[in-house]
Amino acid sequence: MKIKTTMNQMEKIEGLDPSYPYTLHKVDLDHTTIPWHWHEELEFIFIVKGELKIHTSSCSYSFHENEGFLSIPMYFALLKTSHTAV
């Protein structure tokens with residue numbers, strides 16, 4: 001998966017519209033790294049299968065199948081999978 005970012009690493013989330021500020025994406029990740037980025041929106045991520053590692057400037061977290069988390073706005077993060085994650 002490749003995300004689109006601005007020059008200051010702000011993620012440009014596809015499908016987001018100010019008149020309807022909600023979007024849903026299902027993404028299959030396989031040995032993927034999503035580079036350092038941030039966004040203005042609150043993001044909920046749910047792991048259907050596999051494992052996802054989140055790295056922030058201060059710590060790292062691992063999420064597994066049937067776990068989810070909220071990513072708060074204005075926070076730099078790097079995401080990695082070591083094998084398939086959905």
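Residues: numbered from 1 along the sequence shown.
Contact of the Thr5 side chain with the Trp38 side chain is not registered, since no non-hydrogen atoms from C-beta on lie closer than 4.5 Å. The side-chain heavy atoms of Thr23 and Asp17, taken from C-beta on, include no pair separated by under 4.5 Å. Contact annotation: the side chain of His25 approaches that of Ile13 to within less than 4.5 Å [non-hydrogen atoms, C-beta and beyond]. By the 4.5 Å heavy-atom criterion applied to side chains, Lys53 and Thr81 are not counted as neighbours. Side chains of Met74 and Glu40 form a contact here, defined as non-hydrogen atoms less than 4.5 Å apart. Contact check for Glu65 versus Val48: no side-chain heavy atoms found under the 4.5 Å cut-off.
Rounding to the nearest 0.5 angstrom, the gap separating the CG atom in Leu52 from the CG atom in Leu29 is 7.0 Å. The line from CD1 of Ile3 to NE2 of His39 is 7.5 Å long, rounded to the nearest 0.5 Å. Distance CD/Glu41 to OG/Ser71: 10.0 Å, rounded to 0.5 Å. From Asn66, atom CG reaches atom CD1 of Ile47 across 10.0 Å, with rounding to the nearest 0.5 Å. From Met10, atom CE reaches atom CZ of Phe76 across 11.0 Å, with rounding to the nearest 0.5 Å.
Between Phe46 and Phe44, the angle of the ring planes stays under 30°, which puts this pair in the parallel group of the 30/60° scheme.
Under the 4.5 Å side-chain heavy-atom criterion for ILVMFWY residues, a single connected hydrophobic cluster contains both Ile45 and Val27.
Only one option out of Ile54, Thr33, Ile34 pairs with Leu78 in a side-chain contact (heavy atoms from CB on, under 4.5 Å); it is Thr33.
Under the 3.5 Å distance criterion, the side-chain polar atoms of His37 are matched with a main-chain donor or acceptor of Ala77. Not one N or O on the side chain of His31 forms a donor-acceptor pair closer than 3.5 Å with the backbone of Lys80.
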Show me the donor-acceptor pairs, under 3.5 Å and distance only, between side chains in residues 56-64 and residues at least two apart or in other chains.
unit_1: Thr56; atom_1: OG1; unit_2: Ser58; atom_2: N; d: 3.3
unit_1: Thr56; atom_1: OG1; unit_2: Cys59; atom_2: N; d: 3.1
unit_1: Thr56; atom_1: OG1; unit_2: Cys59; atom_2: O; d: 3.0
unit_1: Ser60; atom_1: OG; unit_2: His55; atom_2: ND1; d: 2.7
unit_1: His64; atom_1: NE2; unit_2: Glu51; atom_2: OE2; d: 3.4

